[in-house]
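Structure first, commentary second.
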Number of protein chains: 2
Amino acid sequence: MMLTAAEENYLKAIYHLSDEGRKSVSTNDIAAEMKTKPASVSDMLRKLAEKEVINYRKYYGVNITPEGKKLALQTIRKHRLWEVFLVDKLNFAWDEVHEVAEELEHIQSPLLIQRLDAFLNYPKFDPHGDPIPDEFGDVRARPRIALNEMEINQAGQIVAVKDSSAAFLRYMDKVGAYIGARVKILDKVEFDGSVEILVDQKKSIFMSKDVASNILAIQS
Amino acid sequence: MMLTAAEENYLKAIYHLSDEGRKSVSTNDIAAEMKTKPASVSDMLRKLAEKEVINYRKYYGVNITPEGKKLALQTIRKHRLWEVFLVDKLNFAWDEVHEVAEELEHIQSPLLIQRLDAFLNYPKFDPHGDPIPDEFGDVRARPRIALNEMEINQAGQIVAVKDSSAAFLRYMDKVGAYIGARVKILDKVEFDGSVEILVDQKKSIFMSKDVASNILAIQS
DNA sequence: AAATAAAATTAGATATATCTAAAAAATAAT
DNA sequence: ATTATTTTTTAGATATATCTAATTTTATTT
Ligand SMILES: [Mn+2]
Ligand SMILES: [Mn+2]
Ligand SMILES: [Mn+2]
Ligand SMILES: [Mn+2]
């Protein structure tokens, strides 16, 4: 099975939306995610259904097939490996890698990815803490909790961000929150859900519920 | 100026053909180089002329403009830097890099190329001995001579191959000829132009005129 | 159950990139 | 100088990917 770059992008979007627990994914959701128009999505869904990477019932949304999931995970694997390369080897900041990886993920060469993986020493997570699927599409998910859902006095370690937008990542940099940082919940404001966090046993930072919900940690 | 991947490929082909000394480049030559049909070339020439990267007089072939040359050299720079990356960092063989570099060269990110160049330690030549243009499109050419044009008993060092096809490169590997090898012309057969070469002061190899003409050396 | 609103699809355009077959122009041969 | 050959261009198709506007279908209100 051979997909075009556009098809890979759509399939990845459908995979990500499916992964959020929805039973089926709507045309409008895909259009929003892809920043295209619903009419374009309808056209693409017909093509993806023909290639049997999604199940598509007109007017009722789509589900990704096992074959489609495998292909989506292959693209995601490439995307995340390239992100690791850009950060670890080319000294990109973690808020500068997404757009470039969005292009690099479409390069067609199994050998390239196999060698890149080895060169990077088989990384398990990308710079945003997202897991890198193995070559068979297997992802080992860690149990993660958003900071706003942790209890007061509970400690943990930041392992990922839910929002990988440059704006959010730069905010993280600004307040000194980073993947790997040890955190402890100092206070939770009941009124608006904002939280106060102790980072690395020395720095205290306030953040809104919205921000806290986009920072994921493992509890310790 | 923003070119599509296809436009970049055509422009590169036109640059390479121009570089062989022709005053102007013909539609058929471009079609042969690009492995497309002359009809497709005509279409593309109109577009490239509109973008002012070539001068095009219908039925009389094309010349690349200074702006076009600059853009072609930028693509060539990217192609060759990626080839160095693949060989030096990912342990690709020199006959395995061309196809992948042909895709990678179209990734649009000035920062990526700047960082890649630094990461590779500002290489001046690609794995086939071809010079890597600097970011302004300047290429410093070395005087090179094909092995079949050297005199008997003359010594030199292989610095590049004219033919970078996988088949030719594998032949080079097979007979033990490589970029950097010290060579001396032992004999030249007048009848068919074939030559006998001493490699690294120990190994003698015979090669046809055709092969010898595709191996470039600097004389010492 | 009708009417209204929202969501999704289709119809018809535009843009890119390619092809085959036919026509036109330039070049070579008689 | 015609004629023949080669080269190049144009005309008309096909395929991908996107859009706007119109239509159809589903979902929500009254
Ligand atoms: Mn992409
Ligand atoms: Mn990421
Ligand atoms: Mn290319
Ligand atoms: Mn090369």
Side-chain angles (χ1 to χ4, degrees), chain A residues 1-14 17-18 20 22-64 68 71-72 75 102-103 105-108, chain B residues 1-14 17-18 20 22-64 68 71-72 75 102-103 105-108:
Chain A
M1 258 298 308
M2 195 60 230
L3 301 179
T4 66
E7 287 168 343
E8 285 182 344
N9 286 334
Y10 273 93
L11 195 58
K12 218 165 39 120
I14 293 167
L17 290 168
S18 303
E20 286 170 13
R22 290 175 177 72
K23 32 184 163 297
S24 83
V25 178
S26 76
T27 299
N28 271 358
D29 287 346
I30 298 167
E33 177 83 9
M34 296 287 300
K35 286 162 185 145
T36 56
K37 302 293 165 178
S40 308
V41 175
S42 285
D43 279 346
M44 185 56 88
L45 294 183
R46 200 183 25 71
K47 285 197 291 180
L48 291 176
E50 236 156 60
K51 296 197 171 185
E52 297 180 300
V53 293
I54 59 170
N55 288 315
Y56 176 38
R57 264 185 63 214
K58 266 200 272 194
Y59 293 101
Y60 290 92
V62 299
N63 290 96
I64 198 161
L71 290 170
T75 307
E102 202 55 53
E103 291 190 51
E105 70 189 358
H106 304 294
I107 305 290
Q108 298 293 350
Chain B
M1 258 299 305
M2 195 59 231
L3 300 180
T4 65
E7 286 168 345
E8 285 182 345
N9 286 334
Y10 273 94
L11 195 58
K12 221 166 37 119
I14 293 167
L17 290 167
S18 305
E20 286 169 14
R22 290 176 178 73
K23 31 183 163 298
S24 80
V25 177
S26 77
T27 298
N28 271 358
D29 288 346
I30 299 167
E33 177 84 10
M34 295 287 300
K35 287 166 184 138
T36 55
K37 303 292 164 178
S40 308
V41 176
S42 285
D43 279 346
M44 184 56 88
L45 294 184
R46 198 181 28 70
K47 284 196 292 180
L48 291 175
E50 236 156 59
K51 296 198 170 183
E52 296 180 299
V53 293
I54 59 170
N55 288 315
Y56 175 38
R57 265 185 62 216
K58 267 199 271 194
Y59 292 101
Y60 290 93
V62 299
N63 290 96
I64 198 161
L71 289 170
T75 307
E102 202 55 54
E103 292 189 50
E105 71 189 357
H106 304 294
I107 304 289
Q108 298 294 351

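Order of the sequence lines sets the chain letters (A, B, ...), proteins ahead of strands, with each chain counted from 1.
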Write down the distance between [atom1] ([X]) and [atom2] ([N]), rounded to a whole number of angstrom.
{"X": "B:Ile30", "N": "C:dA17", "atom1": "CD1", "atom2": "P", "value": "15 Å"}
{"X": "A:Met2", "N": "D:dT16", "atom1": "CE", "atom2": "P", "value": "13 Å"}
{"X": "B:Asp29", "N": "D:dT8", "atom1": "CG", "atom2": "C1'", "value": "12 Å"}
{"X": "B:Leu45", "N": "C:dA25", "atom1": "CG", "atom2": "C1'", "value": "16 Å"}
{"X": "A:Lys47", "N": "D:dT18", "atom1": "NZ", "atom2": "C1'", "value": "10 Å"}
{"X": "A:Glu8", "N": "D:dA17", "atom1": "CD", "atom2": "P", "value": "11 Å"}
{"X": "B:Met34", "N": "C:dC19", "atom1": "CE", "atom2": "C1'", "value": "15 Å"}
{"X": "B:Tyr60", "N": "C:dA24", "atom1": "OH", "atom2": "C1'", "value": "12 Å"}

* To do: Find the distance between CG (B:Asp43) and CG (B:Leu48) and round it off to the nearest 0.5 Å.
  =>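 Nearest 0.5 Å value for the CG-CG distance: 11.0 Å.
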* Criterion side chain to side chain contact (heavy atoms under 4.5 Å, CB included) on B:Val53 and B:Leu71, from CA distance to verdict -> CA-CA 8 Å; B:Val53 293; B:Leu71 289 170; 3.7 Å; yes
* Option from A:Glu33, A:Glu7, A:Met34, A:Glu102 for which side-chain contact (heavy atoms from CB on, under 4.5 Å) with A:Lys12 holds ->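 That would be A:Glu102; it is the only one of A:Glu33, A:Glu7, A:Met34, A:Glu102 passing the side-chain contact (heavy atoms from CB on, under 4.5 Å) with A:Lys12.
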* To do: Kindly say if A:Tyr56 contacts the phosphate of C:dA8, meaning a side-chain N or O under 4.0 Å from OP1 or OP2.
  =>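 Result: no.
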* Given D:dT8, is OP1 or OP2 found less than 4.0 Å from the side-chain N or O atoms of B:Asn28? ->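 Indeed, a polar side-chain atom of B:Asn28 lies that close.
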Shortest side-chain distance from [X], nucleotide among [options]:
{"X": "A:Thr27", "options": "D:dA17, D:dT9, C:dA8", "result": "C:dA8"}
{"X": "B:Asp43", "options": "D:dT18, C:dT18, D:dT9", "result": "C:dT18"}
{"X": "A:Ser40", "options": "C:dA8, D:dA17, D:dC19", "result": "D:dC19"}
{"X": "B:Ala39", "options": "C:dT18, D:dA11, D:dT18", "result": "D:dA11"}
{"X": "A:Tyr59", "options": "D:dT9, D:dT24, D:dT16", "result": "D:dT24"}
{"X": "A:Lys58", "options": "D:dT24, C:dC19, C:dT10", "result": "C:dT10"}

* **4.5 Å side-chain heavy-atom contact, A:Val25 and A:Ile64** =>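 No; the side chains remain at least 4.5 Å from each other.
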* Do the side chains of A:Asn28 and A:Val41 get nearer than 4.5 Å, heavy atoms only? ->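 Contact flag for A:Val41/A:Asn28 side chains = no.
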* Asked: For B:Val41 and A:Glu7, take the nucleotide of DNA chain D holding the closest heavy atom to each; which residue's nucleotide lies nearer the 5' end?
  ->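 Final value for this comparison: B:Val41.
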* Describe the nucleic acid contact of B:Thr4 in one word from base, sugar-phosphate, nothing, applying a heavy-atom distance below 4.0 Å. =>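 Sugar-phosphate contact only - B:Thr4 comes under 4.0 Å of backbone atoms but never of a base.
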